[in-house]
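Only this structure's heavy atoms are used, side chains among them; waters, hydrogens and symmetry mates stay out.
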Amino acid sequence: MATAELVLGLLSRAPAHGYDVKRGHDAWFPDGRPLAFGQVYTTLARLERYGLVEVTEKTSGGGPDRTVYAITEKGRKHLDDWLADPVPPAWGTADEMIRKLVTALRTGGDATSFLARQRAGHLRRIRELQELPPVPDDPTANLVRSYLVTHLDADLRWLDLALERLTDDKESS
């Protein structure tokens, strides 16, 4: 995930504290994994080091330091370049699901059971997402949810195909 670019996008609207960046990210992706505070502050420090954000205010009053970050011109250019660059179609990548399946097949593990459990997990997550009410007044959150469901559905079709092929291979052996 392009956490740095998402942080730049959030800061492009207005300067913000790390806490506000985290809340903004989580609001943009309500069905995704929340962004960890540690990741926010690590990313902000790295962006500052590269000159993509700058500290505009630092206060401390009875609690933790409150640092306000703003995107720089260099940061805006970086964000614009990132947004203009299309994401290459995934080909030949091996995510964890594929790695586990290949490892199970090559080490004599129970690949069929793994695929069945994975399929059940995908079905459960699709149902969870479909049962959530639409996010009012936020079409982007609904687009993200639709994207997630569509990709899970594609994985589910592949899982069914893989189970069918493994079953056919066992029957023909």
Return yes if some donor-acceptor pair links the side-chain N/O of [X] with the main-chain N/O of [Y] below 3.5 Å, else return no.
X      : Y      : value
Ser12  : Gly9   : yes
Asp26  : Leu35  : yes
Ser146 : Asn142 : no
Thr72  : Glu54  : no

Check: For Tyr41, which residues count as a ring pair (Phe, Tyr, Trp, His ring centres under 6.0 Å) partner, sequence neighbours excluded?
Finding: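 By the ring pair (Phe, Tyr, Trp, His ring centres under 6.0 Å) rule, Tyr41 matches no residue at all.
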Check: What residues, two or more places apart in sequence or in another chain, satisfy ring pair (Phe, Tyr, Trp, His ring centres under 6.0 Å) together with Tyr19?
Finding: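 Tyr19: ring pair (Phe, Tyr, Trp, His ring centres under 6.0 Å) contacts with Phe37.
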Indicate yes or no: at least one non-hydrogen side-chain atom of [X] is less than 4.5 angstrom from one of [Y].
X      : Y      : answer
Leu10  : Trp28  : yes
Val7   : Leu44  : yes
Arg165 : Leu161 : yes
Thr56  : Tyr69  : no
Leu129 : Arg125 : yes
Val135 : Asp31  : no

Notebook entry, point to check: Is a salt bridge present between Lys77 and Asp80, judged by a nitrogen-to-oxygen distance below 4.0 Å?
Noted result: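 Salt bridge flag = no for Asp80 with Lys77.
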Looking only at non-hydrogen atoms, find the nearest pair between [X] and [Y] and report the distance.
X     : Y     : answer
Lys74 : Gly51 : CB-O, 3.7 Å
Ala4  : Arg46 : CB-NH2, 4.1 Å
Lys22 : Pro34 : NZ-CB, 3.7 Å

Separation between [atom1] of [X] and [atom2] of [Y], rounded to the nearest 0.5 Å:
X      : Y      : atom1 : atom2 : answer
Leu123 : Gln118 : CG    : CD    : 10.5 Å
Leu101 : Thr112 : CG    : OG1   : 9.0 Å
Leu8   : Ile71  : CG    : CD1   : 4.5 Å
Asp155 : His122 : CG    : NE2   : 3.5 Å
Leu47  : His78  : CG    : NE2   : 7.5 Å
Thr103 : Ile98  : OG1   : CD1   : 11.0 Å

Margin query: Surrounding CZ of Arg124 (heavy atoms of other residues, nucleotides or ligands, distance under 6.0 Å), is the total greater than 12?
Written below: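 Result for CZ/Arg124: open.
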Next item on the list: Take atom CZ of Arg49 as the centre, draw a 6.0 Å sphere, and report whether it contains more than 12 heavy atoms from other residues, nucleotides or ligands.
Entry: yes
Checklist line | Same cluster (ILVMFWY, side-chain, under 4.5 Å), Val40 and Val68 | finding: no
Check: Under a 4.5 Å side-chain heavy-atom rule over Ile, Leu, Val, Met, Phe, Trp and Tyr, are Leu148 and Leu143 clustered together?
Finding: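 No, Leu148 does not connect to Leu143 through the hydrophobic network.
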Check: Taking it one step at a time, do Asp20 and Arg23 satisfy salt bridge (Lys or Arg N to Asp or Glu O under 4.0 Å)?
Finding: CA-CA 5 Å; Asp20 295 327; Arg23 276 194 8 230; 3.4 Å; yes
